[in-house]
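Structure record follows, encoded as structure tokens.
Counting starts at 1 for both ligands and their atoms, following the listed order. Numbers here simply count residues along the sequence, with the first being 1. All of these numbers come straight from a predicted model, not from anything done at the bench.
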Amino acid sequence: MPDKSSRIPGFYKKSIEERLKLVVDFSGLSKEEARLLFNMGNLGPEIADVMIENVVGGMTYPFAVATNFKINGKDYLVPMVIEESSVVAAASNAARIMRRDNGISSVATDSIMIGQIQLVDLPNPWYAKQIIYEYKDEILKIANEQDPILVSLGGGAKDIDVRIIDTAVGLMVIVHLLVDVKDAMGANAVNTMAEAVAPYLVEWVGGRVYLRIISNLADRRLVRSRVKVYAEDIGGEEAVDGIVAASAFAEADPYRAATHNKGIMNGVIAVALATGQDHRALEAGAHSYAARWGVYTSLSMWEKTPDGNLVGTLEMPMPVGIIGGAVKVHPIAQIALKIMGVKTAKELAEIMGAVGLAQNFAALRALATEGIQKGHMKLHARNLAVMAGAKGELIDKVAEIMIKERRIRFHRAKELVEELTKSKKA
Ligand code: MEV
């Protein structure tokens with residue numbers, strides 16, 4: 001039998017049901033599997049079908065809320081969507097410890113995004129750079145004509161930067177448009193402006209234009225979060241010293257910094273998913289910012305105060321929006337914003353910075369004291385107990401026995417559920 005072909009002309013024009021049928025024919029999915037895949041959960045087929053192309057179904061992730069967060073003196077329940085166990089529990093636990101002194105302080109800058117325009121083949125790049133600066137007002141005018149609504153809200157293109165870079169194919173002049181995108185993530189507004197400005201640049205200085213696109217190194221759109229944690233709340237000065245040493249390790253070593261920052265992103269991306277953000281942009285921004293000096297380092301820092309307590313800070317790009325894109329069309333993203341009572345993109349960025357800092361603290365505390373596996377194993381054991389049919393008190397009982405025996409397996413969970421259920425009945 002010839003191999004089945006993945007070349008399916010007009011696949012995108014078909015209905016979701018028709019596409020799914022083709023996938024079933026191609027892959028041999030069972031009726032039950034196809035039915036499960038077709039279930040769109042709380043998204044709805046009409047919305048799913050316009051969000052991306054070639055939709056054949058949906059995939060649900062759990063939506064949780066982290067409790068205890070006090071940020072800038074205000075209480076928040078923070079929605080988190082994530083597949084990794086322990087993250088929400090760790091965030092809630094850290095946030096509880098961080099409630100003293102008005103909680104976590106978090107301040108976001110204005111929502112300035114950068115649009116890049118790439119000019120090549122300029123005979124006199126340095127001369128061209130000066131000319132472009134002289135056209136600044138015209139450039140801003142052309143850019144702002146593209147988005148009168150943004151301008152009416154106080155946003156729009158505010159400034160330019162012109163850089164010359166040396167590349168494998170010669171010198172290039174890179175024009176940066178600095179755009180205040182207010183409550184949007186901003187990619188659409190910035191890309192439209194960059195495309196509109198580009199032909200004028202060629203008219204004024206010659207050369208050729210290639211790329212006109214947003215930069216995800218959003219180093220003009222930062223969140224800065226800080227918190228004080230008292231030694232007495234985390235088991236004393238030894239824990240403080242361990243966390244400070246962990247922070248120094250990440251600052252000095254890119255191998256550790258990658259994992260340290262991953263811990264921060266566990267929190268940031270969970271909120272990003274719950275609120276329908278472009279989480280790839282957040283990841284790209286975070287990691288490129290962490291490498292902005294040419295060496296990859298940590299996004300946060302933990303220090304010991306003279307009185308033996310701990311202070312932590314985080315600084316990272318946070319390009320998030322509350323209008324446009326998936327935030328607008330996904331009903332759950334809207335619900336997530338409502339749960340937080342978020343009114344501006346700046347406020348959302350401030351919450352996400354605080355969550356990143358809390359998540360980072362939780363990981364470092366566990367790593368520097370009992371290790372990360374103990375907590376993970378406890379949750380894993382509980383999950384297995386639930387999967388094995390345990391309910392109520394039985395869940396913790398089964399989990400505890402498996403941990404004590406160091407046999408955290410589904411098979412053992414099932415045995416224990418049966419044994420304990422029988423002995424309860426007897
Ligand atoms: C696991 O998802 C995240 C951690 O590895 C973060 C860290 O090591 O700091 C625990």
Side-chain angles (χ1 to χ4, degrees), residues 61-66 69 78-98 104 223 225-227 229 234-235 238-274 277 279-280 282-291 295-304 310-318 352-384 403 408:
Y61 270 35
F63 182 112
V65 288
F69 270 93
V78 180
M80 297 179 99
V81 168
I82 190 161
E83 89 300 342
E84 185 176 331
S85 67
S86 303
V87 169
V88 181
S92 304
N93 194 31
R96 183 177 48 75
I97 294 166
M98 294 174 167
I104 307 166
V223 64
S225 308
R226 68 175 170 89
V227 74
V229 174
I234 57 168
E238 208 177 308
V240 171
D241 291 337
I243 292 168
V244 169
S247 173
F249 180 12
E251 189 194 2
D253 178 18
Y255 286 92
R256 173 57 206 154
T259 322
H260 178 104
N261 291 341
K262 191 271 184 183
I264 294 170
M265 299 314 278
N266 274 347
V268 170
I269 296 299
V271 184
L273 285 168
Q277 305 300 319
H279 46 94
R280 288 86 55 213
L282 289 163
E283 290 281 5
H287 298 295
S288 54
Y289 193 69
V295 181
Y296 187 87
T297 187
S298 51
L299 292 165
S300 70
M301 186 71 80
W302 294 91
E303 304 164 281
K304 189 174 177 176
L310 186 68
V311 282
T313 49
L314 170 91
E315 182 183 288
M316 63 182 288
M318 200 59 83
M352 290 171 69
V355 174
L357 186 61
Q359 202 77 56
N360 178 226
F361 163 79
L364 297 194
R365 184 188 177 198
L367 289 166
T369 56
E370 63 179 23
I372 207 85
Q373 282 310 83
K374 198 171 163 195
H376 277 188
M377 279 304 151
K378 205 165 153 192
L379 271 169
H380 183 50
R382 288 185 93 254
N383 289 345
L384 289 181
I403 290 166
I408 306 173

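Regarding atom 10 (C) of ligand 1, its nearest protein heavy-atom neighbour is I372 CD1, 3.7 Å. In terms of protein heavy atoms, atom 6 (C) of ligand 1 is closest to T259 O, 3.5 Å.
When side chains are defined from C-beta on, I269 does not count as touching I82, because their heavy atoms never get closer than 4.5 Å. At least one side-chain heavy atom of V268 sits less than 4.5 Å from a side-chain heavy atom of M318.
Of the heavy atoms in N266, only side-chain atoms (C-beta onward) come closer than 4.0 Å to ligand 1. Of all the heavy atoms of R365, none lies under 4.0 Å from any atom of ligand 1, so neither backbone nor side chain is involved.
The number of heavy atoms from other shown groups lying within 6.0 Å of CD (E84) is above 12.
For the residue pair A252 and P254, the shortest heavy atom distance occurs at O-CD, 3.9 Å.
Close contacts between ligand 1 and H260 involve ligand atoms 9 (O) [criterion: under 4.0 Å to a heavy atom]. Remark: ligand 1 atoms within the under-4.0 Å shell around heavy atoms of K262 are 1 (C), 2 (O). The contact set between ligand 1 and L367, taken as ligand atoms under 4.0 Å from a residue heavy atom, comprises 7 (C), 8 (O), 9 (O). Listed by number with element, the atoms of ligand 1 under 4.0 angstrom from any heavy atom of E84 are 1 (C), 2 (O). Of all atoms in ligand 1, numbered sequentially from 1 with element shown, those under 4.0 Å from a heavy atom of G263 are 6 (C).
Here the rule is side-chain contact (heavy atoms from CB on, under 4.5 Å) with H287, and of K262, M316, M265 only M265 fits it.
Any N or O atom pair closer than 3.5 Å counts here, and R256 shares at least one such pair with ligand 1.
Judged by distance alone, with hydrogens and angles left aside, the side-chain atoms of S300 form no donor-acceptor pair with the main-chain N or O of L314 at under 3.5 Å.
The CZ atom of R226 lies 11.0 Å from the CG atom of L357; values are rounded to the nearest 0.5 Å.
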